[in-house]
2 protein chains.
Amino acid sequence: MPQDIFDKIMMLAKRRGFIYPSFEIYGGVAGFYDYGPLGTQLKNNIENLWRKYYLLKDNCAEINTPTITLYDVLKASGHVDEFTDLTIDCKKCKQSFKLEALVEKDDPEKAVKEYKVKCPNCNEILKNPYPVNLMFSTKIGFGNSRDAFLRPETAQGIFTNFHLLYRFAREKLPFGIVQIGKGYRNEISPRQGTIRQREFNMAEAEVFFDPKDKSHPNFDSIKDKTLFLFDNNREMKLTVEKAVKDAVVNNEALAYYMCLTQEFLLDVGIDQKKFRFRKHGDDELAHYATECWDAELYSDRFGWVECVGIADRSAYDLESHIESSGNDMYSIRKFDKPKSVKVKKIVANMSKLGPFFKNKAGKIKDLLEKIDVQKNKEIILNIEGKKTKIPNDCYKIVETEEIIKGERFVPHVIEPSYGIDRILYMILEHSYYEFKKRDEEYHVLRLNPVVSPIKVGIFPLISDENLINIAKKIDSDLRSSGISTYYDKAGTIGRRYARMDEIGTPFCITVDHDSIIDDAVTIRYRDTTKQERVKIKEVIKFIKLKLN
Amino acid sequence: MPQDIFDKIMMLAKRRGFIYPSFEIYGGVAGFYDYGPLGTQLKNNIENLWRKYYLLKDNCAEINTPTITLYDVLKASGHVDEFTDLTIDCKKCKQSFKLEALVEKDDPEKAVKEYKVKCPNCNEILKNPYPVNLMFSTKIGFGNSRDAFLRPETAQGIFTNFHLLYRFAREKLPFGIVQIGKGYRNEISPRQGTIRQREFNMAEAEVFFDPKDKSHPNFDSIKDKTLFLFDNNREMKLTVEKAVKDAVVNNEALAYYMCLTQEFLLDVGIDQKKFRFRKHGDDELAHYATECWDAELYSDRFGWVECVGIADRSAYDLESHIESSGNDMYSIRKFDKPKSVKVKKIVANMSKLGPFFKNKAGKIKDLLEKIDVQKNKEIILNIEGKKTKIPNDCYKIVETEEIIKGERFVPHVIEPSYGIDRILYMILEHSYYEFKKRDEEYHVLRLNPVVSPIKVGIFPLISDENLINIAKKIDSDLRSSGISTYYDKAGTIGRRYARMDEIGTPFCITVDHDSIIDDAVTIRYRDTTKQERVKIKEVIKFIKLKLN
């Protein structure tokens with residue numbers, strides 16, 4: 001079978017230490033991959049560049065929450081009920097399949113009844129598809145344990161802290177919070193290599209806006225840039241400003257983060273010709289989204305692949321958590337001057353609440369008095385993990401006159417959500433070049449130096465102690481400046497260049513006999529193979545300049 | 001109840017955005033914490049400094065493997081059988097407790113039988129402790145699913161890739177591989193705040209040595225440094241060299257990584273007076289370790305706490321995986337010249353193997369012929385996740401004469417394993433200072449600038465547009481240089497300094513009216529509160545210099 005680029009990249013990735021299949025010595029498991037030394041550096045570099053865009057340029061703040069997530073959180077967010085796929089089991093060979101992958105019809109459930117769908121493994125006729133939840137489940141503690149899942153997205157860790165993060169942002173909108181970390185999706189039968197993993201790396205930003213004002217403070221600085229859009233099978237190049245004005249993109253905030261995403265992806269090494277934004281149709285929107293644009297990247301084997309989703313999640317998540325937890329997760333839109341208004345309030349009746357709930361009564365009183373009366377009929381609170389109905393006679397609703405400084409509202413959320421593993425794979429594919437050199441296959445990864453795992457290869461021309469000492473000194477000086485290097489004294493210079501070209505190292509330094517006399521070395525560029533003589537004492541400055 | 005330092009730090013941590021209790025809006029769960037914006041930056045800074053020590057100084061390589069780990073891996077590593085605690089359930093209130101935490105006797109099982117151990121919650125007498133495995137378990141896939149756990153340590157992801165990583169290191173020992181990421185331990189009833197978490201952040205290095213040569217190439221550069229040791233209740237200050245010579249520490253490699261650990265911890269902001277290395281007694285060694293030193297850090301509430309363990313894991317893990325997987329995970333010690341030796345080899349008998357194993361026969365042949373004959377009597381191979389006994393007549397053992405270039409051996413492992421969350425907490429505690437200032441509580445975190453979440457606070461003295469413009473320009477220039485800042489124009493200057501002192505920001509820049517005339521700003525130092533006038537165009541260079 002002829003190899004395609006995917007095969008070639010995966011072979012290179014394994015041979016040179018970018019990507020290994022996980023648990024290979026125990027037979028492997030589909031959907032799990034390890035990053036080897038070079039893959040991990042590449043991944044770290046991608047994430048750190050992402051941080052520059054989101055933390056330093058856009059002024060978001062980063063948080064870090066557990067991967068194990070309490071049932072209550074994911075019940076409220078809708079994932080317990082909605083994060084499902086239809087699966088179908090083969091009675092004969094005991095394999096399970098994702099129905100959608102077997103039947104390419106609009107209504108695969110109907111198709112199973114009408115056509116004979118066969119097991120791709122043993123040809124048995126398959127029957128009775130059923131939905132499975134795609135979250136990995138586990139239990140916290142023993143005995144009286146609590147149900148939990150591995151998070152399907154990092155976003156919920158941000159939403160459940162909204163009230164604290166809003167305080168951190170000094171109660172001003174908009175503000176953005178990001179999280180970089182693992183996400184999990186127990187795919188039924190993943191078959192697309194690193195594109196569809198069961199444990200994956202994501203980088204997500206949740207940016208909170210006043211629903212009445214989805215403008216972005218930095219919009220002016222990017223409004224003239226061109227977005228590469230694809231909507232209803234039509235390619236469009238529009239400026240950010242025009243995309244909003246023509247209502248192709250719903251609001252400034254969404255368009256701003258699309259532009260930031262496009263700039264990041266092109267900066268990180270994605271080929272512009274293999275990049276586009278595609279708008280979700282109404283039928284493919286996630287349960288929480290009102291509008292979503294995918295940054296799609298093109299792969300020879302997989303076609304256009306969603307690598308970033310930029311969604312307007314509206315107030316969906318915060319409203320869900322307010323309703324499920326009773327917690328105050330509102331923002332305040334200040335009035336020009338305070339107003340006097342009539343408000344309905346819950347006042348706890350401690351003479352009923354006390355005997356009924358004993359030592360929990362105080363806590364329940366606090367929760368009760370925070371509830372937004374309009375939204376609740378029967379009051380059910382979450383007390384130490386248990387849904388608890390509060391009897392009617394434990395409280396009364398009173399109307400009072402109050403001076404208020406502003407009106408409360410639930411912020412909307414714009415979410416750019418990045419699949420780091422997919423982007424990493426696409427970077428490899430888009431920077432992979434092969435050709436023949438003296439009858440041998442020659443591979444070059446033309447990575448952007450910013451993300452190259454190794455920045456500089458350092459070689460003494462021959463195994464002479466004087467040259468080795470100079471080379472090692474340069475090596476250690478570069479490392480002390482935080483620049484990753486690879487010292488190599490084995491094989492011909494050509495072979496050593498080839499090793500570095502194959503892993504995307506942008507610069508190679510060779511120390512030769514002249515170096516002893518002229519205190520200079522030869523620096524060779526990966527992409528042009530041109531060489532330049534540079535003074536040893538200038539090397540660090542020279543490399544740093546090239547890297548910025 | 002008077003607050004101790006722990007309480008005060010946790011309050012500060014929550015108020016200012018370092019640490020939040022996870023899932024708080026749903027009642028919280030013991031053993032889970034979120035890092036807020038400042039906590040995450042602090043954590044990232046700690047990990048990046050750690051990388052400088054291990055990747056750039058010690059030349060290790062970093063990898064990144066899944067947190068979900070196949071049953072087979074953790075069965076082989078001993079965790080399925082050994083990673084347990086005794087638990088005891090209360091029949092009345094349904095709570096579970098870790099037996100060791102209730103009974104401070106050498107033999108807590110005996111104690112339960114002899115004394116009446118009462119439930120600390122409801123006073124019921126507790127009976128029948130039983131061991132529980134502390135790994136979180138889950139299942140991969142549906143139908144024919146596979147058992148898995150959340151990893152209890154990152155190390156196994158390194159061991160299972162040894163053969164690939166050895167190739168990456170060009171088959172030379174010693175070489176080190178690190179991993180930074182999540183570890184999980186389903187504690188029965190964690191009660192020590194951030195010190196004992198169920199999901200935690202670790203940084204581990206596995207450094208592979210020839211068991212006959214546990215010297216470290218950089219040993220000379222650190223041999224005269226002083227180690228702070230504690231063994232058999234005795235404090236000792238010894239040079240690294242003397243510690244090895246006197247056999248206080250077993251070998252150079254172990255001593256080298258102890259020294260690296262000590263330097264990292266003091267650099268990251270640990271108080272030297274609250275630091276020591278304590279040697280494990282034989283009864284407390286983990287199932288895989290032959291010698292272990294803990295870097296213990298002192299906390300007011302918790303006493304001496306293990307924050308780093310530096311263990312000699314010998315060949316335990318690689319041998320276990322060789323035995324369970326049949327994979328070749330040996331190193332070669334080259335002879336000066338090749339030798340002729342007699343070797344026993346397994347030769348597969350395809351006429352038996354073929355009919356018996358059908359399409360798996362070829363794979364089994366490959367595995368069989370890799371096995372080290374001496375070590376195996378009954379041959380059991382791991383075929384696609386199933387332990388499979390190979391019938392005797394499927395192979396024969398033949399003795400042949402071979403020319404070999406070296407002898408095979410299983411490398412030994414020295415493992416420094418860091419608990420990042422514990423170190424982070426200790427840094428906060430060791431840098432926390434409080435005093436009265438104008439009758440108000442005043443808090444300063446004297447963090448090492450390298451780890452401070454925010455490096456520079458930037459204030460226009462008053463809300464004047466000219467001053468604001470200058471301040472914003474400095475702010476954005478610093479951010480473009482990768483320096484984290486906090487721009488603040490609200491409140492008195494004293495109040496703004498106080499905010500920055502409390503989160504450990506080392507430098508504050510104030511733009512005043514003179515700035516317009518002399519193009520200079522005032523830089524104020526957190527720890528001395530001294531101030532200095534610096535030209536605006538020198539600010540970035542000035543701050544960068546202070547940070548290095």
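Convention: sequence-line order gives letters A, B, ...; per-chain numbering from 1.
- Residues B/R479 and A/D58 are not paired through a salt bridge, judged by the lack of any N-O separation under 4.0 Å between the basic side chain and the carboxylate.
- Note that CG of A/L70 and OH of B/Y26 are 9.0 Å apart. Values are rounded to the nearest 0.5 Å.
- Atom CG of B/L56 is separated from atom OG of A/S476 by 10.5 Å, given to the nearest 0.5 angstrom.
- Interface residue B/E62: backbone and side-chain heavy atoms are both found under 4.5 Å from chain A.
- Contact annotation for B/S324: both backbone and side-chain heavy atoms come within less than 4.5 Å of a heavy atom of chain A.
- With a 4.5 Å cut-off on non-hydrogen atoms, A/L55 touches chain B through its backbone but not through its side chain.
- Heavy-atom pairs under 4.5 Å with chain A peak, among B/P66, B/A30, B/G17, at B/P66.
- Of the two parts of A/S480, neither the backbone nor the side chain holds a non-hydrogen atom closer than 4.5 Å to a non-hydrogen atom of chain B.
- When B/Q197, B/R167, B/R170, B/R15 are compared by the number of non-hydrogen pairs under 4.5 Å with chain A, B/R170 comes out ahead.
- Interface remark: B/T69 contributes backbone and side-chain atoms alike to the contact with chain A (heavy atom separation under 4.5 Å).
- For the set A/V178, A/N548, A/D488, the count of heavy-atom pairs under 4.5 angstrom toward chain B peaks at A/D488.
- For A/F136, the parts lying near chain B are the backbone and the side chain together; criterion is any non-hydrogen pair under 4.5 Å.
- With a 4.5 angstrom heavy-atom cutoff, A/N59 touches chain B via backbone and side-chain atoms both.
- Residue contact with chain A, scored on non-hydrogen atoms closer than 4.5 Å, involves the backbone and the side chain of B/T67 alike.
- When the candidates B/K43, B/E24, B/K52 are compared by the number of heavy-atom contacts under 4.5 Å with chain A, B/K43 comes out ahead.
- The candidate with the highest count of non-hydrogen atom pairs below 4.5 Å against chain A, out of B/Q156, B/Q41, B/R51, B/Q179, is B/R51.
- The local environment of NZ in A/K182 is crowded, with over 12 non-hydrogen atoms from other residues, nucleotides or ligands closer than 6.0 Å.
- No part of B/I158 comes within reach of chain A, as not one of its non-hydrogen atoms sits under 4.5 angstrom from that chain.
- Heavy atoms closer than 4.5 Å to chain B are found nowhere in A/D328, neither backbone nor side chain.
- The greatest number of non-hydrogen atom pairs below 4.5 Å with chain B, out of A/F200, A/F142, A/F168, A/Y35, is found for A/F142.
- Across A/L134, A/T160, A/N186, A/V132, the residue that shares the most heavy-atom pairs under 4.5 angstrom with chain B is A/N186.
- Neither the backbone nor the side chain of B/L367 has a heavy atom closer than 4.5 Å to any heavy atom of chain A.
- In this structure, B/N44 CG and A/N48 CG are separated by 8.0 Å, a value rounded to the nearest 0.5 Å.
- Of the atoms belonging to B/Y184, it is side-chain heavy atoms, and not backbone ones, that fall under 4.5 Å from chain A.
- In this structure, chain A has a heavy atom under 4.5 Å from the backbone of B/K139, while its side chain stays farther away.
- The line from CG of A/N64 to OG1 of B/T40 is 5.0 Å long, rounded to the nearest 0.5 Å.
- With a 4.5 Å cut-off on non-hydrogen atoms, A/A490 touches chain B through its backbone and its side chain both.
- Proximity to chain A is limited to the backbone of B/R16, based on heavy atoms less than 4.5 angstrom apart.
- Distance check, rounded to the nearest 0.5 Å: CD1 of A/I68 to CZ of B/F32 gives 4.0 Å.
- When heavy atoms are compared at a cutoff of 4.5 Å, A/Y486 approaches chain B solely by way of its side chain, counted from C-beta outward.
- Interface check for chain B: of the options A/K14, A/M329, A/Q95, A/R499, the most heavy-atom pairs under 4.5 Å are formed by A/R499.
- The candidate from B/L164, B/V73, B/D89 with the greatest count of non-hydrogen atom pairs under 4.5 Å with chain A is B/L164.
- Among the candidates B/I140, B/T87, B/L165, the residue making the largest number of heavy-atom pairs closer than 4.5 Å to chain A is B/I140.
- Between the side chains of B/D34 and A/N161, at least one donor N or O lies within less than 3.5 Å of an accepting N or O.
- Looking at B/N327, the atoms closer than 4.5 Å to chain A (heavy atoms on both sides) all sit in the side chain, from C-beta outward.
- For the set A/I25, A/T138, A/T65, the count of heavy-atom pairs under 4.5 angstrom toward chain B peaks at A/I25.
- For A/S189, no part lies under 4.5 angstrom from a heavy atom of chain B.
- If you measure heavy-atom distances from A/H163 to chain B, the contacts under 4.5 Å come from the side chain alone.
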